[in-house]
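Data block below; observations after.
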Protein chains: 2
Amino acid sequence: MTTPAQGLHSHVLATLGLAITAGEYPPGTVLRTDELAQRFDVSRTVVREVVRVLESMHLVESRRRVGVTVLPTASWNVYDPQVIRWRLAGADRPRQLRSLTVLRSAVEPVAAGLAATHATPEQCRELTEQALGMVATSRGRRLEEYLVHDIAFHRVVLNASGNEMFARLGDVVAEVLTGRTHHHVMFEDPDPAAVTLHVQVAEAVRERDAARAEELTRQIAVGALQELDVLAP
Amino acid sequence: MTTPAQGLHSHVLATLGLAITAGEYPPGTVLRTDELAQRFDVSRTVVREVVRVLESMHLVESRRRVGVTVLPTASWNVYDPQVIRWRLAGADRPRQLRSLTVLRSAVEPVAAGLAATHATPEQCRELTEQALGMVATSRGRRLEEYLVHDIAFHRVVLNASGNEMFARLGDVVAEVLTGRTHHHVMFEDPDPAAVTLHVQVAEAVRERDAARAEELTRQIAVGALQELDVLAP
DNA sequence: TGTGACATAAAAGTAGTACTTTTAATTCCC
DNA sequence: GGGAATTAAAAGTACTACTTTTATGTCACA
């Protein structure tokens, strides 16, 4: 119906997850497994497995004699990449983008500082390469190419920090950057100041200057937040 | 066997999840559903639902004709509270505590800064109350009571930030603080400097001084990291 | 009239079985 | 020796029967 889906489970999960995160079922709404089975034309087994997964994401709670209750937003596993993707695809995309950008503004500067002391030569090289790629594609409406380098750059920084919690945010950052690019006026080239900052971060990491890497990344983050303020009223 | 468990599903999930995150099954290990069903003496239905949940946490991957393959640490959903709890209970507790503390050091200062501009009067009051509670219990080996105030304090800050991603880290911080207290030499009272800093953060938030709240929280974080360095070689 | 024990039924939880689909691995032919 | 056809192993799906929990309604008793 909504998603192509290779497998009944994935299809039902995607549909239900999207619907719930989009707020289609307000918190407290009660669903029944066999009603869902009927609605999706699958067996109760499939529905039950889906419900179990949704339960592990704390989107719903299943209780005997009651049914499957939709939980309030506050209890959702908002760090689950799947949940993030659903929310970015749904109604409260703007709020989601904002809260993720704020998270980035907290994490990335610290990650960059750590990267400056932990990055391998290979990672330094990769970082410089991506920064140069950004420079090369920063003019002439080559936003898609620019995006690839931008994502790769931030991913390397997060990985090079040597902290697994930071590293795992790579996907989140990718989603945010992609979302931002695709919802912008596609005519404008990226801010030259931001591009320069990326090059400087690569430099600072290469020169093992943690404080400078952190500060420069903080400036990138500030820029991203301001950009968001302009976009969202 | 290992957990009390109210329900077959929870029991099997807890046992398997703990075993996998503890590294008992190295990445690449293949499990078969009916072998598991036999081992736990439950139906294949139960095992399948458990596998689906583990799959949603990216701990395992299930493929036809192959079996259930354990995935490498790098793909795990390390932000899933359940996964965090398993890992803190298991073998690589020290590494986990460290990476979470680093995450805290990135997030909490920013959260405190935001709290200074977003906190409701009620939250300010609560914050002051908890800080005073920390002062009151900071001497005389009342570590358990102190811990309760400490957790509550940080939870309020994260909630008051107004960012849902930050707010959801409340549980993580609680786990970290609890873990730290319980694995310390229980004779020592908390660092007086840290206690003072908490009181000052509450002050700064109350006075809407974002920069100061952020900076003070950063000092708390630095202290926590140093403490960890002393403990872990 | 209110309250507590009891009965009822609704819905999820569990089990078992039969069948389908995918796909790794083997075999066999060229 | 390589590629195509075959095989079988394991997960995926479905269905059905049964169990357990528990919200709710009922009835008796005070």
Side-chain angles (χ1 to χ4, degrees), chain A residues 1-17 19-20 25-72 75-76 82, chain B residues 1-17 19-20 25-72 75-76 82:
Chain A
M1 199 187 282
T2 44
T3 334
Q6 73 294 17
L8 299 180
H9 177 85
S10 323
H11 173 239
V12 176
L13 181 62
T15 310
L16 262 184
I20 293 173
Y25 305 100
T29 306
V30 178
L31 308 164
R32 266 161 312 126
T33 50
D34 32 7
E35 188 252 321
L36 291 172
Q38 203 174 349
R39 172 134 62 96
F40 288 104
D41 193 35
V42 295
S43 71
R44 208 164 70 98
T45 313
V46 172
V47 173
R48 285 188 44 69
E49 288 175 9
V50 168
V51 167
R52 278 261 132 94
V53 172
L54 293 175
E55 218 175 352
S56 86
M57 296 170 174
H58 290 93
L59 294 185
V60 302
E61 183 192 43
S62 176
R63 286 176 61 200
R64 269 175 158 132
R65 170 66 218 234
V66 175
V68 178
T69 314
V70 177
L71 294 175
S75 51
W76 295 355
Q82 183 65 91
Chain B
M1 198 186 282
T2 43
T3 333
Q6 74 292 17
L8 299 181
H9 178 84
S10 324
H11 173 238
V12 177
L13 181 63
T15 310
L16 262 184
I20 292 173
Y25 306 99
T29 306
V30 178
L31 309 164
R32 267 161 311 127
T33 49
D34 32 9
E35 189 252 321
L36 291 173
Q38 203 174 348
R39 173 134 62 96
F40 288 103
D41 192 35
V42 295
S43 72
R44 209 165 69 97
T45 313
V46 172
V47 173
R48 286 189 42 67
E49 288 175 8
V50 168
V51 167
R52 278 260 131 94
V53 172
L54 293 175
E55 219 175 350
S56 86
M57 296 169 173
H58 290 93
L59 295 185
V60 302
E61 183 192 43
S62 175
R63 286 175 61 201
R64 269 175 159 133
R65 170 65 218 238
V66 175
V68 178
T69 314
V70 177
L71 294 175
S75 50
W76 295 355
Q82 183 65 91

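Labels below follow one simple rule: chain letters A, B, ... track the order of the sequence lines, proteins then strands, and each chain is numbered from 1.
Considering CG of B/Leu59 and OG1 of B/Thr69, their distance stands at 13.0 Å, rounded to 0.5 Å. Atoms CZ and CG, from B/Phe40 and B/Leu8 in turn, are 11.5 Å apart once rounded to the nearest 0.5 Å. Summarising the geometry, atom CE belonging to A/Met57 is positioned 5.0 Å from atom OG belonging to B/Ser56; distances are rounded to the nearest 0.5 Å.
Rounding to whole angstrom units, CD of residue B/Glu35 and P of D/dA9 are separated by 16 Å. Distance CG (B/Asp34) to C1' (D/dG12): 13 Å, rounded to an integer number of Å. Spacing between atom CD of B/Glu49 and atom P of D/dT13 amounts to 13 Å, rounded to whole angstrom units. Residue A/Glu55 contributes atom CD, which lies 11 Å from atom C1' of C/dG13 at whole-angstrom precision. Distance CZ (A/Arg32) to C1' (C/dA9): 14 Å, rounded to an integer number of Å. Distance B/Arg48 CZ to D/dA14 P: 11 Å, rounded to the nearest Å. Distance A/Phe40 CZ to D/dA14 C1': 17 Å, rounded to the nearest Å. To the nearest angstrom, P of D/dA11 lies 13 Å from CD of B/Gln38.
Within 6.0 Å of atom NE2 in B/His58, 12 or fewer heavy atoms from other residues, nucleotides or ligands are found, so the atom counts as exposed in its surroundings.
No N or O donor and acceptor, one from the side chain of B/Arg52 and one from the base of D/dT13, sit under 3.5 Å apart. Side chain A/Arg63 to base C/dG13: no donor-acceptor pair is found below 3.5 Å. A donor and an acceptor atom sit less than 3.5 Å apart, one in the side chain of A/Arg65 and one in the base of D/dA23.
Within the 4.0 angstrom heavy-atom criterion, base atoms lie near A/Thr45. Among the heavy atoms of the strands lying under 4.0 Å from A/Thr33 are primed sugar atoms or P, OP1, OP2 only; no base atom is included.
Taking only side-chain atoms of A/Leu8, from C-beta outward, the nucleotide of D/dA14, C/dT22, C/dT14 with the closest atom is D/dA14. For A/Arg44, whose side chain is taken as the heavy atoms from C-beta onward, the closest listed nucleotide among D/dG12, C/dT14, D/dA23 is C/dT14. Considering only the side chain of A/Arg64, C/dG13 comes nearest among D/dA11, D/dA23, C/dG13.
Side chain of B/Glu55 to main chain of B/Ser62: a donor-acceptor pair is present (N/O by atom type, distance under 3.5 Å, no hydrogens or angles).
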